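Positions are given from 1 along the sequence. Since this is a predicted model, take the numbers as computed values, not measurements.
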Amino acid sequence: MWDEPTIRRILQEVAHGNQSVDSAWARLRGLPMQNLDFARLDHHRELRQGFSEVVYCAGKTPQQAAQILHKLSERHDRVLGTRATPEHFDQAHNLVPDLQYHEQARAIWLDRSKRPRKTGVVVMAAGTADLPVAEEAALTLEVMGHAAQRVYDVGVAGLHRLLGELPIMQTANVIVAVAGMEGALPSVIGGLVSCPVVAVPTSVGYGTGINGLAALLSMLNSCASGLAVVNIDNGFGAGCVAARINALAKDSVTESDSAG
């Protein structure tokens, strides 16, 4: 596993005279990239961005996705593959038995770190039909080390349901708001809280929703301040943004994740 603590330990060994420069260089050389012919794995992304390279499985064969996930799992204790099918998972699971599959989020994941997860993130969804995208965001957050608090089915068609969650919303460091149809939920949330809101339009809706375009345009034209918008159905992207925001928050506490 090549993460920041490991690199620092090697450098400390050199600094204390317990390892030669040549020996340390031999251990470190060649680490950033691994060539699989059909893919070039970036093993130093965790050092630069805080999380290892994520595998977008759609468009890849099950065999290709499995090989990439296998090689990542050899060097990293946290791995994520998005837009994965059961066939992708079956092939990858044969190579990495402790991989897990989240059917609703359509994601393959692994977390061997056992590190406590940082609280402060709330994932909210307008309706049950939006849950695949919301769960992709929540799982992304969890694998990246954040405890996602879920608040679902609080769309504006029944505004009282949302208002009942104000105490949770107003103590968050960042909120991910997922909605299809007219995409109004993030705007309403943005007017009620002081924290950043990451808006996620979904492709849920009838004809003039245009597969999420109506929700996207509504969110981009929101009059609520502090709103950031990701692409249609991009729960993963929203989870990444929220994870980086929450990582910067100084007042969050941590909680142990016994589930792994």
task = Assess whether side-chain contact (heavy atoms from CB on, under 4.5 Å) is satisfied between Asn211 and Ile232, documenting all intermediate values.
result = CA-CA 8 Å; Asn211 294 320; Ile232 298 168; over 6 Å; no
message = If hydrophobic clusters are built by linking Ile, Leu, Val, Met, Phe, Trp and Tyr wherever their side-chain heavy atoms come under 4.5 Å apart, do Val54 and Val241 end up in the same one?
response = no
inquiry  = Let's go through Val55 and Thr82 carefully: what are the C-alpha distance in whole Å and the side-chain angles of both, what is the deciding distance for side-chain contact (heavy atoms from CB on, under 4.5 Å) to 0.1 Å, and is it a yes or a no?
reply    = CA-CA 6 Å; Val55 184; Thr82 64; over 6 Å; no
query = By salt bridge (Lys or Arg N to Asp or Glu O under 4.0 Å), which residues pair with Arg150, not counting sequence neighbours?
reply = Glu135, Glu142
remark   = Grouping ILVMFWY residues whenever side-chain heavy atoms fall under 4.5 Å, the cluster of Ile189 otherwise contains Val122, Met124, Val151, Val154, Val156, Leu159, Leu162, Leu163, Leu166, Ile168, Met169, Ile175, Leu185, Val188, Leu192, Val193, Val197, Leu227
message = Less than 3.5 Å apart, any donor N or O on the side chain of Ser113 or Asp111 sitting next to an acceptor on the other?
response = yes
inquiry  = Could you tell me if the side chain of His146 sits less than 4.5 Å from the side chain of Arg117, heavy atoms only?
reply    = no
Side chain Asn94, main chain Asp90, donor-acceptor under 3.5 Å = yes
inquiry  = Can you pull out every side chain to side chain donor-acceptor pair (under 3.5 Å) where at least one residue sits in residues 219-232? Sequence neighbours excluded, please.
reply    = Ser187-Ser222
Nearest-0.5 Å distance, CD1 of residue Ile108 to OG of residue Ser73 = 11.5 Å
message = Quick check for you: to the nearest 0.5 Å, what is the distance between Gln19 atom CD and Ile10 atom CD1?
response = 6.5 Å
message = Quick check on the hydrophobic clustering: are Val230 and Leu216 connected, directly or via other members, by side-chain heavy-atom contacts under 4.5 Å?
response = no
note = Leu131 and Ala125 have their tightest heavy-atom pair at CD2-CB, 3.9 Å
inquiry  = If we ignore hydrogens and angles and just use 3.5 Å, is the side chain of Arg106 paired with the main-chain N or O of Glu103 as donor and acceptor?
reply    = no
inquiry  = Starting from Tyr56, can I reach Val143 by hopping between I/L/V/M/F/W/Y residues whose side chains sit under 4.5 Å apart?
reply    = no
task = Check the pair Gln91, Thr61 against side-chain contact (heavy atoms from CB on, under 4.5 Å), reporting the backbone distance first and the verdict last.
result = CA-CA 10 Å; Gln91 287 286 333; Thr61 67; over 6 Å; no
task = Can you run down the side chain to side chain donor-acceptor pair (under 3.5 Å) pairs that involve residues 191-200, sequence neighbours left out, and say none if there aren't any?
result = none
note = Between the CG atom in Leu80 and the NE2 atom in His102, the distance rounded to the nearest 0.5 Å is 11.0 Å
ask   = Shortest non-hydrogen contact from Ala238 to Val176?
value = CB-CG1, 3.9 Å
key: Separation of Leu217 CG from Met219 CE (nearest 0.5 Å)   = 10.5 Å
message = Running the 4.5 Å side-chain criterion over Ile, Leu, Val, Met, Phe, Trp and Tyr, what cluster does Val204 land in, apart from itself?
response = none
request  = Check the hydrophobic clustering (I, L, V, M, F, W, Y; side-chain heavy atoms under 4.5 Å; chains of links allowed) and say if Leu141 and Val174 are grouped together.
outcome  = yes
request  = Using a 4.5 Å cut-off on heavy atoms from C-beta on, say whether the side chain of Thr202 contacts that of Val178.
outcome  = yes
task = Check the pair His76 / Arg112 against side-chain contact (heavy atoms from CB on, under 4.5 Å), numbers first and verdict last.
result = CA-CA 9 Å; His76 305 278; Arg112 302 183 182 120; over 6 Å; no
query = For Ser20 and Ser23, which heavy atoms make the closest approach, and how far apart are they?
reply = OG-N, 3.0 Å
query = Are Arg115 and Asp77 ion-paired here, with the side-chain N under 4.0 Å from a carboxylate O?
reply = yes
request  = Would you name the heavy atoms of Ala84 and Tyr101 that are closest together and state the gap between them?
outcome  = O-OH, 2.7 Å
message = Tell me whether the count of non-hydrogen atoms from other residues, nucleotides or ligands lying under 6.0 Å of CD in Gln63 goes above 12.
response = yes
query = Do Gln149 and Val123 come within less than 4.5 Å of each other through their side chains, counting heavy atoms only?
reply = no
task = Please determine, by modelled atom types, if Asp233 and Ser203 share a side-chain donor-acceptor pair under 3.5 angstrom.
result = yes
key: Validation row: Asn173, Ile245 side chains within 4.5 angstrom (heavy atoms)   = no
message = Give me the atom names and distance for the closest heavy-atom approach of Glu136 to Gly235.
response = OE1-N, 3.0 Å
message = Tell me whether Asp130 contacts the main-chain N or O of Gly127 through its side chain, where contact means a donor paired with an acceptor under 3.5 Å.
response = yes
ask   = Are the side chains of Glu74 and Lys71 in touch, meaning some heavy atoms are under 4.5 Å apart?
value = yes
query = Tell me the side chain to side chain donor-acceptor pair (under 3.5 Å) pairs involving residues 174-183, sequence neighbours left out?
reply = none
ask   = For the hydrophobic clusters of this structure (ILVMFWY residues joined by side-chain heavy atoms under 4.5 Å, transitively), does one cluster hold both Leu213 and Met181?
value = no
inquiry  = If you define the side chain from C-beta out and look only at heavy atoms, does anything of Gln104 sit under 4.5 Å from Leu139?
reply    = no
message = Less than 4.5 Å apart, side chain to side chain, heavy atoms only: is that true for Phe89 and Leu99?
response = yes
ask   = About how many Å separate CD of Gln100 and CH2 of Trp109, when rounded to the nearest 0.5 Å?
value = 4.0 Å
message = Testing the 3.5 Å rule here: is there a donor-acceptor pair between the side chains of His88 and Thr85?
response = yes
query = Below 4.5 Å, heavy atoms only, C-beta onward: do Leu69 and Val96 meet side chain to side chain?
reply = no
request  = Heavy atoms only: give me the nearest Cys57-Ala65 pair and the separation to one decimal.
outcome  = SG-CB, 4.1 Å
